[in-house]
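Accompanying notes for the structure given below.
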Amino acid sequence: MLERLDQIEREAMLALEEAADESALNAWKARYLGRSAELGKITENLRQLSKDERPAVGRKANEVKKALEGAYEARETQLRSAALQHSIGAERLDVTLPGRPVRRGRLHPATQMLREISAIFAEMGFQIYRSREVESDEYNFGLLNMPPFHPARDQWDTFYTSTEGMLLRTHTSPGQIHVMRERAPDPIRVILPGMCYRYEQVTARSDFQFNQVEGLAVGVNITFADLKGTLVSFARRLFDPQVRTRFRAQHFPFTEPSAEMDVECFICEGEGCPVCKQTGWLEILGCGMVHPTVLENGGYDPEQHSGFAFGMGPERIAMLKYRIEHIRAFWANDLRFLEQFS
Ligand SMILES: [Zn+2]
C-alpha cells in the first residue's frame, strides 16, 4: 500500500508537469485530489487495514496529499503568470502613449442661432411648427394676398419645379396658412423655422438658400401692442437686456399695418459704424398685423380674430452678432469657418 502511494505521487507529479493550461489543471485536480481520487479512497478506507499497517499508511497518505496540494498551487501560480506575460506580450498596451483626441462634432452656426431663437420664443409660449419646403404657388403667394401678377411677387425670384404650380418656398409664410387651416378657430402661437430658396444672385448679404424664422399669433383681441411687446422682449433676451429697439413703417402684402424692427447697433452702441452703415441701427426683422384676407384664407373670421406675424433671418442675425462678412460662409462647408462656433 505504501508503494502504491509512492506510485500515485510520482504519476501525479508527472501529469502536473504536463498540465499546460487552466482546464488541464482543473482536470488534474479532479483526478488526483478530487472526491473520487484514489488517494481519497485510500484515506477513507483506512479502517479496513490491519492495526499495524494503519498508522504508516495514514501518515504516508497525508504526506502525499500535502505534497500534491503544494505542487498544484505552485503550478497554478506559474501558469497564471505565464498567461499574464503572454497577454502583455501579445497586446502590447503602452499606457505611456498620449491618447488620440476625439474629434467632437458641433452644431452648425445657423442651427445654433435657430435653437437660440426657438428657445426664447418657447419661453413665451410659442410652439414650433414645421412646414414643407416644396410648396404650391397658391400657398406661397396666392393665399398670402399675392394673386398672380401681383407686383409684390417681383420681390421674390423663385425656383419653380418641373411640376406646374409647384415651387421651392421663397419664405416660411406659407406655413402660416397650413397652421391656421389646421387649427382654426383655436388660438395659435407658433414659430415656423426652416430653409427658404430664392433664385437670386449670390452677394455678401444674400444667398439662394437661407433659413427663416417666422412667428404667428392668432386669437381674440391681439393688438399691435402685443406684437411690440413680444418682439421687444425677444430682442432683449437675444441681444442685451438694455438694447434699444425701434419700429419703422414698411409694406408687406400679407400684413397690415406692417413694420420693420431695428435694434441699436451693438457694435458701436448707436454711435455709427460701417456695420450699421453709420445709422446706429441694425434691421433684424419684418412684422405686422396679419392681413384680414390672410386670416380669412386661414379659416378665421377677421371680425372676431386678429393676429400678428413676424419673420427674420437667423443667418443675418448671426452675421451681425459674430461679424461674419459673407453669408456664403454658412453653406460653403468650410471647416475652418464652422469650427469657430462651439
Ligand atoms: Zn454700428
Side-chain angles (χ1 to χ4, degrees), residues 106-121 123-124 126 155-156 170-172 191 193 195-196 198 200-215 224-252 255 257-288 308-332 334 336-342:
R106 64 198 82 195
L107 293 173
H108 190 281
T111 308
Q112 289 183 28
M113 185 49 75
L114 269 172
R115 289 197 177 185
E116 210 177 314
I117 293 169
S118 306
I120 294 171
F121 283 108
E123 283 176 6
M124 294 195 266
F126 284 77
Q155 290 173 25
W156 293 277
T170 58
H171 50 178
T172 43
I191 56 168
M195 194 61 86
C196 305
R198 286 184 199 171
E200 269 182 14
Q201 193 181 354
V202 177
T203 68
R205 280 174 51 78
S206 64
D207 201 346
F208 58 82
Q209 67 171 88
F210 54 93
N211 279 295
Q212 238 184 21
V213 177
E214 182 112 356
F224 202 88
D226 297 312
L227 176 150
K228 282 186 79 174
T230 304
L231 293 179
V232 168
S233 145
F234 161 73
R236 285 181 181 157
R237 293 196 205 192
L238 185 65
F239 297 107
D240 184 280
Q242 255 73 52
V243 77
R244 295 205 302 154
T245 51
R246 71 172 185 188
F247 288 78
R248 283 177 292 104
Q250 197 24 294
H251 171 78
F252 302 114
T255 45
S258 308
E260 276 177 339
M261 185 172 88
D262 298 339
V263 294
E264 193 175 43
C265 177
F266 41 80
I267 292 150
C268 62
E269 293 180 335
E271 295 281 309
C273 70
V275 174
C276 60
K277 296 185 189 119
Q278 309 303 330
T279 62
W281 296 94
L282 299 168
E283 183 211 318
I284 60 158
L285 57 83
C287 56
F308 65 80
F310 54 87
M312 66 190 89
E315 286 95 334
R316 285 271 174 84
I317 293 176
M319 283 172 80
L320 295 172
K321 207 168 167 179
Y322 302 118
R323 308 285 301 273
I324 298 164
E325 307 257 306
H326 230 289
I327 198 166
R328 263 191 304 192
F330 284 95
W331 312 116
D334 186 338
R336 290 169 302 177
F337 169 74
L338 297 174
E339 281 176 344
Q340 294 173 50
F341 304 90
S342 52

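Small disclaimer: the values here were computed from a predicted structure and weren't measured. We count ligands from 1, going down the list as the structure has it; atoms in each ligand are counted the same way.
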Next on the checklist: Can you list everything that forms a side-chain contact (heavy atoms from CB on, under 4.5 Å) with K228? Sequence neighbours excluded, please.
Outcome noted: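 Checked K228 against side-chain contact (heavy atoms from CB on, under 4.5 Å); matches are F224, F247.
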
Checklist entry - Which residues pass the side-chain contact (heavy atoms from CB on, under 4.5 Å) test with E283, sequence neighbours left out? => result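 By the side-chain contact (heavy atoms from CB on, under 4.5 Å) rule, E283 matches R248, E260, D262.
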
Item to check | Main-chain N/O of V243 paired to E264 side chain as donor or acceptor, under 3.5 Å | outcome: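 No, E264 side chain to V243 backbone: no donor-acceptor pair under 3.5 Å.
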
Can you list, pair by pair, the side-chain donor-acceptor contacts under 3.5 Å of residues 309-325, counting residues two or more places apart and other chains?
| unit_1 | atom_1 | unit_2 | atom_2 | d |
| --- | --- | --- | --- | --- |
| E315 | OE1 | N211 | N | 3.1 |
| E315 | OE2 | N211 | N | 3.0 |
| E315 | OE2 | N211 | ND2 | 3.1 |
| R316 | NE | R205 | O | 3.0 |
| R316 | NH2 | R205 | O | 2.7 |
| K321 | NZ | E116 | OE2 | 3.0 |

Item to check | Residue and atom, protein N/O/S, under 2.8 Å of the Zn ion (ligand 1) | outcome: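 For the Zn ion (ligand 1), the protein N, O and S atoms that sit under 2.8 Å away are C265 SG, C268 SG, C273 SG, C276 SG.
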
Item to check | Distance, nearest 0.5 Å, that separates CZ of F239 from CZ of F234 | outcome: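 So the gap between those two atoms works out to 6.5 Å.
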
Checklist entry - In terms of heavy-atom contacts, does CD of E269 have more than 12 from other residues, nucleotides or ligands at under 6.0 Å? => result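 Open: at most 12 neighbouring heavy atoms sit under 6.0 Å from CD of E269.
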
